[in-house]
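What follows is a short report on a single structure.
Throughout, residue positions are numbered sequentially from 1 according to the sequence presented. The structure displayed is predicted, hence computed values, not measured ones.
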Amino acid sequence: MNPRLVAMDGPLQGEVLSCVADVISVGRHSANTIAVADPSVSRQHCLLRKREEHQYELVDRASRNGTFVNSLPVRERILEHGDDIRIGNCRFVYLVRQEDEEPTPSATLSQGDSLATRTIVQLPRRKALYLDPDRAASSSSIPLARLALNLKAMLKASTTVRATRGMDALAKDLMELILDAIPAAEAAILLFERGGEEPDWTFVWKRGGAKAEAIEAHRELVRRSFSEDVAILSNDLSSAGTPGSAVSLLVAPLAGAEKPLGVLYLVSRDPRVEFDEEHLQLLTAIASVSGLALENARYYEQLSAENRRLRQEIDLDHDMVGESAAMEEVYRFISKVAPTESTVLLYGESGTGKELVARAIHRNSDRSASAFVAINCAALPETLLESELFGHEKGSFTGALAMKRGKFEVADGGTIFLDEIGEVPSNLQVKLLRVIQEREFERVGGTRPVKVDVRVIAATNRDLRAAIKAGQFRDDLYYRLNVLALEMPPLRDRRADIPLLAAYFADKFARQAGRRNPGLSAEVRAILMNYDWPGNVRELENVVERAVVLGVGERIVVEDLPETLVESVPIQLGATSGFHQAIQQEKRRLIVQAIRDASGSHNEAAKALGIQPTYLSRLIRSLNLKDDIKRSVRA
């Protein structure tokens with residue numbers, strides 16, 4: 001069955017759209033394969049491209065509001081059964097199979113080895129008449145009409161094996177053309193890839209395409225054809241009166257590039273229909289041209305399965321957004337370390353998503369059913385931090401009215417995330433070292449050790465090596481933490497993810513505000529892409545939230561962004577409107593003039609402009625005025 005898109009919300013709600021074409025376009029314009037009359041959908045929103053049999057890839061076409069799969073924005077994504085797709089305000093579910101689909105009937109080998117036959121003919125595969133067209137055309141033993149039909153079947157078989165790629169599709173097409181040319185009731189393909197006694201892949205088909213039942217193929221004939229590379233015709237009339245019994249059999253070998261692959265197996269159950277040597281010749285030739293195609297199709301499916309397996313290793317349960325090379329490295333790191341028990345140290349600037357990585361490691365580990373406990377070591381004073389980490393006994397200090405369990409105890413069996421580990425005071429670093437090494441500690445005011453089974457993930461935005469040299473961090477604790485380390489990339493080093501993140505945050509905050517997702521204008525997208533984001537993803541999230549809450553139009557425009565962010569974009573990029581360009585030009589002129597009048601003194605220039613010197617310095621940096629000021633002062 002072809003994949004289907006089931007429309008759950010939007011103008012097409014309730015419709016079931018079958019995916020048949022190699023490329024399916026989706027958008028608001030009527031020329032699209034799937035036209036969606038919704039203003040939230042771009043004119044050319046996205047594509048579904050067929051990758052292989054029953055598999056499509058979803059590709060966003062730089063749409064205004066983004067394309068989401070399972071609530072995450074995507075540019076390119078291989079779709080899987082059950083994926084939830086949101087295009088603007090429309091939602092679809094991608095279905096590949098029906099839950100009640102019945103398994104494909106199989107072919108097995110009979111237990112008996114004897115066969116009463118009236119005739120049995122063996123034909124070596126290499127001597128098949130139709131593999132030599134000149135010899136077939138000059139043969140006087142074949143009626144001309146039948147010769148024409150057989151050559152037509154051979155031509156059709158050659159075309160089929162070149163055009164079809166998937167195993168099931170190729171097998172079905174072969175069975176149909178064989179049953180059109182040979183009067184069999186049923187046909188089967190049996191493959192013995194590993195050379196075992198039993199087939200490891202089978203395909204059964206019935207004349208007319210009706211549902212076939214399982215076939216019990218004759219073991220002796222199948223093994224002889226497979227091992228000796230011969231085609232076999234067997235007419236068995238001894239059981240002709242038994243309903244459903246085989247009265248005529250054809251078996252032809254399928255040869256791979258380097259070794260035998262399997263056999264084609266045909267059955268006639270009608271006493272009036274007996275196979276003859278012409279049928280044997282034709283089936284042998286079709287099997288000869290089909291073997292390599294089946295082998296290639298099988299190899300292709302194995303590679304595809306391996307590719308899906310590798311993708312699944314990176315298809316983690318996480319809340320991060322990003323498809324850049326830098327984020328792929330992060331996902332690979334998580335997939336490798338999550339199954340282990342090793343301590344992890346995460347580096348990176350503030351706002352890069354270190355806690356999200358820690359949570360992803362926990363959620364994809366064997367500890368996922370237990371607690372994930374996060375604590376910011378810089379948020380608490382030293383006197384409270386020890387109690388928060390290790391707990392305290394009743395009466396251990398003023399206000400300790402009852403025993404309290406610390407974060408390490410709460411995280412027992414799970415994961416503890418120590419954020420800003422570089423801010424832990426020196427006296428607590430000793431206790432942390434002990435609990436990481438021994439997995440035991442004592443509560444504040446306690447005398448008995450408390451055993452815990454906990455995984456430690458730490459994070460910092462400090463240079464711990466420099467802190468060690470400055471005597472601010474213990475080197476033994478550092479080496480105990482630095483077992484598996486990852487430096488989170490800043491947003492400026494993964495600019496390709498900025499549109500995805502912005503679309504994700506715009507959708508998130510639009511839902512919270514109860515309004516439609518306002519896409520990003522081209523000017524806003526250019527500004528976001530060219531800003532350095534010192535606050536990283538957290539700053540981008542705040543900027544988009546502000547724009548969604550304060551904006552009133554259908555799209556986020558330049559006027560919805562913070563002024564300092566707009567000012568940071570060079571005018572020559574052409575990303576800002578004429579209004580903002582004029583303001584920037586006037587600011588540049590005023591600042592350069594004020595500093596020149598003040599003979600180069602920034603403090604005097606700031607006083608003349610009525611602004612703080614720090615703000616003036618920030619304006620000079622964001623407007624890139626340093627060279628202009630130097631030239632002006634010299635003049």
Side-chain angles (χ1 to χ4, degrees), residues 1-3 18-22 49-57 96-97 101-107 125 128 130-131 150-182 184-194 199-212 214-215 217 222 225-226 231 250-267 282-308:
M1 178 176 289
N2 291 317
S18 183
C19 300
V20 180
D22 289 343
R49 287 200 298 238
K50 182 178 284 190
R51 292 288 299 268
E52 57 184 79
E53 195 69 23
H54 303 315
Q55 185 183 85
Y56 277 85
E57 177 183 36
V96 178
R97 61 181 183 272
E101 281 183 1
E102 298 183 14
T104 303
S106 62
R125 181 176 57 86
Y130 292 103
L131 293 179
N150 288 348
L151 290 175
K152 181 180 178 181
M154 280 297 302
L155 178 60
K156 189 175 180 181
S158 300
T159 305
T160 298
V161 299
R162 285 177 172 82
T164 312
R165 191 166 53 179
M167 281 285 286
D168 286 349
L170 176 57
K172 174 178 173 292
D173 290 346
L174 280 174
M175 295 293 94
E176 287 183 340
L177 74 86
I178 288 172
L179 294 181
D180 280 344
I182 301 174
E186 295 167 340
I189 298 174
L190 298 89
L191 301 186
F192 299 83
E193 184 187 29
R194 298 173 184 84
D200 51 23
W201 189 89
T202 64
F203 188 93
V204 177
W205 198 251
K206 191 172 184 178
R207 176 172 294 279
K211 182 181 179 302
I215 288 180
V222 169
S225 175
F226 176 69
L250 283 176
V251 190
L254 291 162
E258 298 179 353
K259 60 181 180 179
L261 185 68
V263 299
L264 291 179
Y265 188 88
L266 270 61
V267 181
L282 179 59
L283 185 66
T284 306
I286 292 177
S288 293
V289 300
S290 305
L292 188 58
L294 283 166
E295 184 177 52
N296 289 338
R298 190 171 201 185
Y299 182 60
Y300 176 83
E301 289 197 349
Q302 289 171 344
L303 290 179
S304 298
E306 176 67 9
N307 185 46
R308 286 192 295 270

| field | Separation of Leu190 CG from Ser225 OG (nearest 0.5 Å) | value | 10.5 Å
| request: List for me each residue that meets side chain to side chain donor-acceptor pair (under 3.5 Å) alongside Glu295, sequence neighbours excluded, and say none if there are none. | output: none
| task | Identify the two heavy atoms, one from Thr284 and one from Ala231, that lie closest to each other, and give their separation to 0.1 Å. | result | OG1-CB, 3.0 Å
| message | If you compare all heavy atoms of Val222 against all heavy atoms of Val251, which two are closest, and at what distance to 0.1 Å? | response | CA-CG1, 4.3 Å
| Where Arg298 and Met167 come nearest, the two heavy atoms and their spacing | N-SD, 3.4 Å
| field | Minimum side-chain heavy-atom gap Ile189-Trp201 below 4.5 Å | value | yes
| query | Which pair of heavy atoms, one from Pro253 and one from Ala287, lies closest together, and at what distance? | reply | O-CB, 3.3 Å
| task | Quick one: pull up CG in Leu294 and CG in Leu254 and give me the separation to the nearest 0.5 Å. | result | 6.0 Å
| Looking only at heavy atoms, what is the nearest atom pair of Phe226 and Pro260, with distance? | CE1-CB, 3.5 Å
| said: If you define the side chain from C-beta out and look only at heavy atoms, does anything of Thr202 sit under 4.5 Å from Ile215? | reply: no
| For Ala187, all residues meeting side chain to side chain contact (heavy atoms under 4.5 Å, CB included), sequence neighbours excluded | Met175, Leu179, Leu266
| said: Quick check for you: to the nearest 0.5 Å, what is the distance between Arg207 atom CZ and Glu186 atom CD? | reply: 11.0 Å
| note | Smallest heavy-atom separation, Ala21 atom then Tyr56 atom, equals O-OH, 2.6 Å
| With a 4.5 Å heavy-atom cut-off, do Leu174 and Leu264 have their side chains touching? | no
